[in-house]
Colleague: 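First, the structure itself, so that you have it in front of you.
Values below: every heavy atom of this structure, side chains too, minus hydrogens, waters and symmetry copies. Order of listing sets the numbers, starting from 1, for every ligand and every atom in it.
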Amino acid sequence: MKITESKFYRDRCYINGEWITADSGETISVNNPATLEEIGTVPKCETAETKRAIEAANEAWPEWRAKSARQRSDILRKWFDLMIQNKEELAQMMTIEQGKPINESRGEIGYGASFVEWFSEEAKRVYGDTIPDPMTDRRIVVLKQPVGVVASITPWNFPNAMITRKCAPALAVGCPVVIKPASQTPFSALALAVLAEEAGFPKGTLNVITGKASAIGDELASNPIVRKLSFTGSTEIGKILLQKCSGTVKKVSMELGGHAPFIVFDDANIDDAVAGAMQSKFRNTGQTCVCANRIYVQEKVHEEFCKKFVDAVSKMKVGDGLNEENSSGPMIDEHSLSKVEEHVEDAVAYGAKVAIGGARHSLGLNFYQPTILTDVTPQAKITTEETFGPVAPIYKFKDEKQVIDLANNSPYGLASYFYSRDIGRIWRVAEALEYGMVGVNTGLTSKAEAPFGGVKESGLGREGSKYGIDDFIEIKYVNMCGLDK
Ligand code: ADP
């Protein structure tokens, strides 16, 4: 399939219900990371177009918030149905622009759509409160209202789900949205806009703008009309955006970097732990913020785990994600590839051993071999920095106390995982890990029903679950007085 032949292909931005080009007429070229070929272009918008998108959203706001929760729910539900009906074509588009194996793309469309379904249901359950007032002639009423125009800046690693996870709750409670997708993966975002239009969102309620990240990001973060910025991306850019948002005291949600510990205790089921490590580490070619970054294995089971893990990795097939047989795709670009290369070389220089992989793949281009390193040392960059690639560093540990200290020794606090069959240990370790999410006997925890988010420098706020809607709501307190007259 050629992406330009898809009925969802748009080489324009979607603002105020219209498909527009950049004022300058300039475009950005988008490449397939598996072949490096240009697959299409999108407008290179800047500040002026961003302002117009924000103003369009603001104009659409009164009508959108005035709809009943049921009406907004129905439109979201339609959007969900359309995503599911067109799953295969959306998945193909995603693999072409992002590179992940086609089965993972199918999985992501289902996962992304599940947030739309979930929040179409939650839209109807935004309950307020009444609180007894200390005075007999008064009542305290708590209303929940939409915050206003929401800006969302999203990354390339999950081109669909990172958008729906932010926009579905925002739209559900009555907020219009302006979406800035990553420049590497704009077509999945524009396809969502095509489906939103068909689902019946009024014009201006959902806008997608592509182009220069710094210009668009600056405007979204500083424009006083935007009341909430929801960002998923690196901690580095998150900190810049947080500072910029302070100028107008915006609400913010930040889903930032992670450095997940993955702990295998000696009472674990080792086969399960290997399966979990494969899933956690190599999904999306290691390019997720919840990927295992440090695999700690207890002494007694270290040898067995490493042997089985290497065996599983040796069966992986690397190549173009469109080929159903491949279980690992390309890295997103040369920049990411060279970071992986640098981390491996640095770890080896500090004494790590390459158990499998350890170099670029013979396919060339953006491909790197799935890699396992053992005997990794604390000084290696990979021990503290996010690699964002298919490299699994393994460390040996002695006891529970030691591994909890090691696991928590990080400025990040997003996902963590451990394997154990001991109920006492499971509670102790789950409570001790300073992470927003803990997977026990699993390498995959993300789902619409659960609150996704991090502590420390991994972020602010939660996405998904009943909590995910709170980030788009203002609480208003109304004191009803004089009721005795
Ligand atoms: P990644 O390493 O995953 O690309 P980034 O934090 O660089 O993470 O990018 C995530 C998103 O933030 C992308 O949509 C990117 O275009 C956007 N972005 C990058 N730089 C800026 C910036 N200075 N201001 C606003 N958004 C930015």
Colleague: Say whether Phe231 and ligand 1 are in contact under the criterion: heavy-atom distance to a ligand atom below 4.0 Å.
Modeller: yes

Colleague: State whether Arg283 and Glu104 are salt-bridged, where the test is any N-O pair (Lys NZ or Arg NE/NH1/NH2 against Asp/Glu carboxylate O) under 4.0 Å.
Modeller: no

Colleague: Below 3.5 Å, N or O to N or O, backbone or side chain included: is there any such pair between Lys180 and ligand 1?
Modeller: yes

Colleague: Determine, for Phe158 and Lys100, whether the Lys NZ or Arg CZ falls below 6.0 Å from the six-membered ring centre while staying within 45 degrees of the axis.
Modeller: yes

Colleague: May I ask you to say whether Glu457 pairs ionically with Lys239, meaning some side-chain N is under 4.0 Å from a carboxylate O?
Modeller: yes

Colleague: So does Asp471 pair up with Lys251, basic N to acidic O under 4.0 Å?
Modeller: no

Colleague: Using a 4.0 Å heavy-atom cut-off, say whether Asn157 meets ligand 1 through its side chain, its backbone, both or neither.
Modeller: neither

Colleague: Has ligand 1 got any nitrogen or oxygen that is less than 3.5 angstrom from a nitrogen or oxygen of Trp156?
Modeller: yes

Colleague: Checking the N or O distance criterion of under 3.5 Å, is ligand 1 in contact with Asp218?
Modeller: no

Colleague: Looking at Phe472, does the NZ or CZ of Lys228 lie under 6.0 angstrom from its six-membered ring centre and within 45 degrees of the ring axis?
Modeller: yes

Colleague: What I want to know is whether Ser234 and ligand 1 share at least one N or O pair that is separated by under 3.5 angstrom.
Modeller: yes

Colleague: Are Ile469 and Phe119 side-chain neighbours, meaning at least one heavy-atom pair lies under 4.5 Å?
Modeller: yes

Colleague: If you look at every heavy atom in Leu337 and Asn366, which pair is closest and at what distance?
Modeller: CD1-O, 3.7 Å

Colleague: Could you tell me the residue and atom name of the protein heavy atom closest to atom 14 (O) of ligand 1, and the distance to it rounded to 0.1 Å?
Modeller: Thr154 O, 2.7 Å

Colleague: At what distance is the nearest protein heavy atom to atom 24 (N) of ligand 1, and which residue and atom is it?
Modeller: Ala213 O, 3.6 Å

Colleague: Taking the side chain as everything from C-beta on, heavy atoms only, tell me whether Thr35 gets closer than 4.5 Å to Asp320.
Modeller: yes

Colleague: Counting non-hydrogen protein atoms only, what is the nearest one to atom 17 (C) of ligand 1? Give residue, atom name and distance.
Modeller: Ile153 CG2, 3.8 Å

Colleague: For atom 10 (C) of ligand 1, which of the options Ile240, Ile237, Thr232 provides the nearest non-hydrogen atom?
Modeller: Thr232

Colleague: I'd like to check which ligand 1 atoms, numbered from 1 as shown, lie under 4.0 Å from a non-hydrogen atom of Gly217.
Modeller: 25 (C)

